[in-house]
2 protein chains.
Amino acid sequence: MTPGERRSLDDVETRELRYFVAVAEEAHVGRAARRLGMAQPPLSRAIGQLERRLGAELFVRTPRGVTLTSAGETLLHEGRAALAAVEAAERRTRRAVAAGGRATVVLTAKAGASGDLMAKLLDVYAAEPDAVDVEVVLSPPGHQAPMLRDGRADVAILHRPFDDTSGFDADELGVEDQVLVLPSGHPSSTRTSMTVAEASSIPDLPLPRWPHLDGTYPDGPGPELRDLTQVLQLVRLGRAAILLPEVVRADLRDGLAVVPLSDAPRVTTVIAWPSHSTSAGVAGLVRTAARL
Amino acid sequence: MTPGERRSLDDVETRELRYFVAVAEEAHVGRAARRLGMAQPPLSRAIGQLERRLGAELFVRTPRGVTLTSAGETLLHEGRAALAAVEAAERRTRRAVAAGGRATVVLTAKAGASGDLMAKLLDVYAAEPDAVDVEVVLSPPGHQAPMLRDGRADVAILHRPFDDTSGFDADELGVEDQVLVLPSGHPSSTRTSMTVAEASSIPDLPLPRWPHLDGTYPDGPGPELRDLTQVLQLVRLGRAAILLPEVVRADLRDGLAVVPLSDAPRVTTVIAWPSHSTSAGVAGLVRTAARL
DNA sequence: CGGGCCCGATACCGCGGCGGTATGACGCCA
DNA sequence: TGGCGTCATACCGCCGCGGTATCGGGCCCG
């Protein structure tokens, strides 16, 4: 092969995918370029090359920016998954060496949830003969699945139906009903049962809003909150009510009452891991969890 | 940003992953370089750069070639998955445009299996009001899951426990027992039941060997075969016996007999798709399949 | 209806990194 | 100890990336 000769050009590089995703998300080449820390023309050119290489129009150019074609929608969806997989490879390799040859596993869970379960799991697992180090990462609701996908974590405690476990293997750890938590003095607090519709429409007790994955909040009444302790404090102050799995009963202090809900979906706690995982640590944790 | 300034260097490019995987698979830099169609030194350098970037020793250099470290094992595993995801993005985008904006879906199944089921599925689905074009790709046993992973197919008919469905979403389509197919004149052909152990040890009727995914054959007695018709012909000739799901009864012609097996694992036919799929065609096919 | 504005696309340039060849360092074996 | 086979290093040439300057073309507004 002479120096001038190059490889066949139809393999997509991750750089190109990152550029494409940025442009797709911004719907604007200039803004995407700023976000990427580069000038606009090379980005335009890179997108053009990608389009020629794939033989696809990915964007329609409009006077206000760009919008995705249907092929572009496909590439955005698949490309994000591919980038997450590349990042996962990178991160898990870095972690493998950081552990200095000794195996390690990163477990992630919703902050403030399943506390007892986690404590017990970690205790029992640590007593196993072949246990490896477990790093626990607590993060906001909904962040566990992405972390599993991009390699920041190896195994997660998730809660169906709130978390999406598709694409992972998962074992069920338990199922529980949800209850409404409200201030103990409130007139509704003496009821023995309630529907979700009723719970949502208690006039002076709005259900708080939780942030979406991107950090924005859904529209509607009720306070905006990020944290379980915050919520419970607000409930105690008589400013809100909230639906929670019934384990919280154990953590409740004075000033809070609980009403069972007749029609709320049951919550399943699961332990989930990437289905291609080969980590002995993950396998051990899962085995331990199944015995709890 | 001045011209000389470059992006942060810690994102791994797919080219580097391909190089790494080639070296890991060959366990030899020179051979890998030949396979990649390039010279050995730049490949050595690329691997060195990747190692420095990840802060990991990926290979130990030996006088006979290279072998993977444990960090290298991790990267090989994760990197293959990442490369498959990138290829999937590329292929599905190309297919999206090849269809000229009209949606299409690629269905793959084992050649020669589930014929009736597939025919019925395609017929019923084609009658749906919002049906899209379905391209059927028949391929050797075990190739369906990789095709789903790297984007050559969008949905597959698989058979548990033979196929690994982990990482996919799947709906069960049916469960059936396995039977032993043997020449009709054979002494054992009059038995009403048999165990797998008995079936494997009929002296003059060895069970044929099927190729592994890489095309090699397991060790042992019995003929090497790739194709169901081949097998059945061989059975009819009195040279082999074979375990098959009992639907094959329908396809059997003269000269073949069937004995139920008491302890063979039941075979579950499933329809499977990548869990992040958003294709309307896949959804429609799955919905149709569930109603069969 | 023409001028300014805001898009993305094109033209052109400089340099860094990739891939090339030649050669070195080093363990193994005869 | 010389030869072989391995990977690493040294050095070079060119392509492609990213840079700046500019163009083409809708859109809005006076």
Side-chain angles (χ1 to χ4, degrees), chain A residues 1-54 56-69 71-72, chain B residues 1-54 56-69 71-72:
Chain A
M1 197 188 253
T2 62
E5 204 171 325
R6 282 300 166 91
R7 314 209 60 264
S8 88
L9 282 183
D10 52 329
D11 22 338
V12 172
E13 292 298 325
T14 59
R15 179 179 50 81
E16 303 180 277
L17 283 181
R18 271 184 276 267
Y19 287 2
F20 168 78
V21 169
V23 173
E25 285 177 353
E26 299 287 344
H28 190 288
V29 180
R31 269 200 306 273
R34 275 194 297 282
R35 187 172 116 187
L36 292 167
M38 65 187 291
Q40 169 259 319
L43 183 55
S44 274
R45 192 181 40 189
I47 298 294
Q49 283 172 356
L50 185 60
E51 286 181 315
R52 246 168 294 130
R53 180 121 34 112
L54 294 174
E57 291 273 305
L58 299 172
F59 296 105
V60 291
R61 277 70 170 173
T62 76
R64 292 253 160 258
V66 296
T67 55
L68 284 168
T69 62
Chain B
M1 196 188 256
T2 62
E5 204 172 325
R6 283 300 167 92
R7 314 210 61 264
S8 87
L9 282 183
D10 53 332
D11 22 338
V12 172
E13 292 299 324
T14 60
R15 178 180 50 82
E16 303 179 276
L17 283 181
R18 271 184 277 266
Y19 287 2
F20 168 78
V21 169
V23 173
E25 286 177 351
E26 300 287 345
H28 191 288
V29 180
R31 269 200 305 274
R34 276 195 296 280
R35 187 173 115 187
L36 292 166
M38 66 188 290
Q40 169 260 319
L43 183 55
S44 274
R45 191 181 42 189
I47 297 295
Q49 282 172 356
L50 185 61
E51 287 181 316
R52 248 169 291 130
R53 181 121 35 112
L54 294 174
E57 291 274 305
L58 299 172
F59 295 106
V60 291
R61 277 70 170 173
T62 76
R64 292 254 160 256
V66 296
T67 54
L68 285 167
T69 61

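Residue numbers start from 1 in every chain, and the chains themselves are labelled A, B, ... in the order their sequence lines are given, proteins ahead of strands. Worth knowing before you read on, the calculation uses all heavy atoms, side chains too, and leaves out hydrogens, waters and symmetry mates.
- Of the possible polar contacts, none joining the R34(B) side chain to the Q40(B) backbone as a donor-acceptor pair under 3.5 Å is found.
- Following rounding to the nearest Å, F20(A) (CZ) and dG8(C) (C1') show an atom-to-atom distance of 16 Å.
- In this structure, L43(B) places its CG atom 15 Å from C1' of dT9(D), rounding to the nearest Å.
- Contact annotation: Q49(A) side-chain N/O to dC17(D) OP1/OP2 distance is under 4.0 Å.
- Contact annotation: the side chain of V66(B) never approaches that of L58(B) to less than 4.5 Å [non-hydrogen atoms, C-beta and beyond].
- Atom CZ of residue R35(B) and atom NE2 of residue H28(B) lie 13.0 Å apart, to the nearest 0.5 angstrom.
- Taking atom CZ on R52(B) and atom P on dG17(C), their separation rounds to 12 Å, with Å as the unit.
- Looking at heavy-atom distances under 4.0 Å, E16(A) makes no contact with the nucleic acid at all.
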Sub-3.5 Å pairs of nitrogen or oxygen atoms, protein against nucleotides 3-8 of chain D:
unit_1: dT6(D); atom_1: OP1; unit_2: H28(B); atom_2: NE2; d: 3.0
unit_1: dT6(D); atom_1: O5'; unit_2: H28(B); atom_2: NE2; d: 3.3
unit_1: dC7(D); atom_1: OP1; unit_2: V29(B); atom_2: N; d: 2.8
unit_1: dC7(D); atom_1: OP2; unit_2: G30(B); atom_2: N; d: 3.3
unit_1: dA8(D); atom_1: OP1; unit_2: R61(B); atom_2: NE; d: 2.4
unit_1: dA8(D); atom_1: OP1; unit_2: R61(B); atom_2: NH2; d: 2.9
unit_1: dA8(D); atom_1: OP2; unit_2: S44(B); atom_2: OG; d: 2.8
unit_1: dA8(D); atom_1: N7; unit_2: Q40(B); atom_2: NE2; d: 3.0
unit_1: dA8(D); atom_1: N6; unit_2: Q40(B); atom_2: OE1; d: 3.3

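- Residue M38(B) contributes atom CE, which lies 11 Å from atom P of dT21(C) at whole-angstrom precision.
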Intra- and inter-strand pairs of DNA chain D in dot-bracket (Watson-Crick or G-U wobble, both distances under 3.5 Å; | for another strand): ||||||||||||||||||||||||||||||
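- As judged by a 4.0 angstrom heavy-atom cut-off over every strand, E13(A) is placed among residues making no nucleic acid contact.
- Of the inter-residue distances, the one linking L43(B) atom CG with M38(B) atom CE reads 5.0 Å to the nearest 0.5 angstrom.
- At whole-Å resolution of the value, CZ in R15(A) and P in dG16(D) are 11 Å apart.
- Annotation: the span from I47(B) atom CD1 to F59(B) atom CZ amounts to 5.0 Å, rounded to 0.5 Å.
- With rounding to whole Å, E57(A) atom CD is found 15 Å from dG8(C) atom P.
- Atom OG1 of T14(B) and atom OH of Y19(B) lie 10.0 Å apart (nearest 0.5 Å).
- Summarising the geometry of A71(B) relative to A56(B), their closest heavy-atom pair is CB-CB, 4.3 Å, with the distance given to 0.1 Å.
- Taking atom CG on L50(A) and atom P on dG8(C), their separation rounds to 17 Å, with Å as the unit.
- Ion pairing between R31(B) and E25(B) fails under the 4.0 Å rule for side-chain N and carboxylate O.
- Sorted by first and then second residue, the side-chain hydrogen bond (donor to acceptor under 3.5 Å, both in side chains) pairs with a member in residues 60-69 of chain A read E51(A)-R61(A); sequence neighbours excluded.
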